[in-house]
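Single-structure report; data block below.
In the text below, chain A, chain B and the rest are named by the order of the sequence lines, each starting its count at 1.
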There are 2 protein chains.
Amino acid sequence: MTIENLSASKSFGGWHKQYSHQSKTLNCPMRFAIYLPPQVSNGEKVPVLYWLSGLTCTDENFMQKSGALRMAAELGMAIVAPDTSPRGDDVANDEGYDLGQGAGFYVNATQAPWNRHYHMYDYVVNELPQIIEAAFPVSDKRAISGHSMGGHGALTIAMLNPERYRSMSAFSPICNPVNAPWGKKAFTAYLGKDKATWHNHDASNLMRRATTFIPAKVDQGGSDDFLKEQLKPEALEAAANINNYPLELSIHEGYDHSYYFISSFIEEHLRFHAKHLNK
Amino acid sequence: MTIENLSASKSFGGWHKQYSHQSKTLNCPMRFAIYLPPQVSNGEKVPVLYWLSGLTCTDENFMQKSGALRMAAELGMAIVAPDTSPRGDDVANDEGYDLGQGAGFYVNATQAPWNRHYHMYDYVVNELPQIIEAAFPVSDKRAISGHSMGGHGALTIAMLNPERYRSMSAFSPICNPVNAPWGKKAFTAYLGKDKATWHNHDASNLMRRATTFIPAKVDQGGSDDFLKEQLKPEALEAAANINNYPLELSIHEGYDHSYYFISSFIEEHLRFHAKHLNK
């Protein structure tokens, strides 16, 4: 396993770095970003927050716009941000912004032409943490968070692998993709028309039938243009209520779907994860 | 005077907004961004920090990447970020990233073809504050800061108008443009070959001969790729020492020219300006 360093910028006493590597899972070169807080220079192994971005994003959006590095430095937490899909000229794509490159939806595609490269679920759950934990001074304490499509990814991946994550959170997640246009389009393409396969990747369904709980925090803007049609936090809240799942859900009046919202509340998310990672 | 609202996002309890307007000074439509902190909703008039961005930037880079809105909300300070040049199909341009659109250098061009639109000095000093102070709940207490080309702009504009600004600061400014490739290229194009006209826009020269002082803070990354050839903080430091100018200059080992550096120290800059704005 070889990873190639692409950039390195000092930030808040630690380092933001980008790497590329040949992914076995995705069958193409992939890029990720990592923030290593100043504590690692003392030889300390720090816990890792995985961040999954939304539609059209890359490894860069969160690191540049969230303001999270300040708190990660204070709390002694690494952050890892993968790209949102496989990439490249020989990777299947679509003209829409909500399918194909930039829109991997954190599932393993079973349908052609997507099944050759689109295995973002396996990449995030297995290959990426193996690389991170082999190459960097981090512990195996993991948390996971994300935004929109990446919020869907964070919640579903954590609930399908509760032994691998101490806590999960999301901003503006697609909470019930089997009933939302983005989810229906992506799941039809990647997983096929049999909706039985979709439910395993629906956060509301997983929260309703979960038997192992991990602490969960979700924040949603009340003036988000996608709230009613695509995001549906009421479905997640209903599932949590039925199953007594430990979900902290907040709707923030006036906030939209942008990083101006995420940056306003990212400190609370990092403190939430730090509390559970340091137990 | 009409300004048109283009976007509005709630952030840290306040609002980030973008506007366009027809600039009389620049003879073209211009865009700016403003952050209004939560204190304005109490009817409070807040002071304003003007931020001037660097080469290739627009009104967006600082607002999205600096992490400054958090402190602006806490301190009760508005931030205004103009674009870095006039824009449009009928505005003169150059193939280089360091001349023409995105590279106005905060001077009033006297040379054709630039003199038709490139009057960023007058725009920042006069037209923009008039608009801001007429349209928004802000006081006439002003501070100014910027990065790289915008650091040059902030320092020179403040020293040429010390009665208009309470404090000035810069990240990685072009401190001595008359002796740097970026400055020589831009000043030759905009101001002509007579170097006597250049010195009025050279921060080191202005600091050496200033008779009215305003508090100044400059931060520079020690691993900035542009440090030796383009930025030359040693020239500014020498000028401050000769003239006893109140300059706080710090070189930060390992930091580069990016927003990963700016975001690491922006809190200190906002606190510096707040201290002087609230006197």
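Between chain A and the residues B:Arg70, B:His252, B:His257, the most heavy-atom pairs under 4.5 angstrom are made by B:Arg70. The choice from A:Phe265, A:Trp15, A:Tyr260 that makes the most heavy-atom pairs within less than 4.5 Å of chain B is A:Tyr260. Most heavy-atom pairs under 4.5 Å with chain B: of the set A:Gly254, A:Gly13, A:Ser11, A:Gly221, this distinction falls to A:Ser11.
If you measure heavy-atom distances from B:Ala73 to chain A, you find no contacts under 4.5 Å at all. Interface remark: B:Tyr259 contributes no atoms to any contact with chain A (heavy atom separation under 4.5 Å). Only the side chain of B:Ser258 comes within less than 4.5 Å of a heavy atom in chain A; its backbone stays farther off.
Other residues, nucleotides and ligands contribute only 12 or fewer heavy atoms inside 6.0 Å of the CG atom of B:Asp225.
Within the 3.5 Å criterion, the main-chain N or O of A:Ser223 finds no donor-acceptor partner in the side chain of B:Lys10.
Rounded to the nearest 0.5 Å, atoms NZ (A:Lys65) and NZ (B:Lys65) are 7.5 Å apart.
The heavy-atom pair separating B:Phe12 from A:Ser263 by the smallest distance is CZ-O, 3.0 Å. Minimum interatomic distance between A:Ser9 and B:Asp256 (heavy atoms only, all atoms of both residues): OG-OD2, 2.6 Å.
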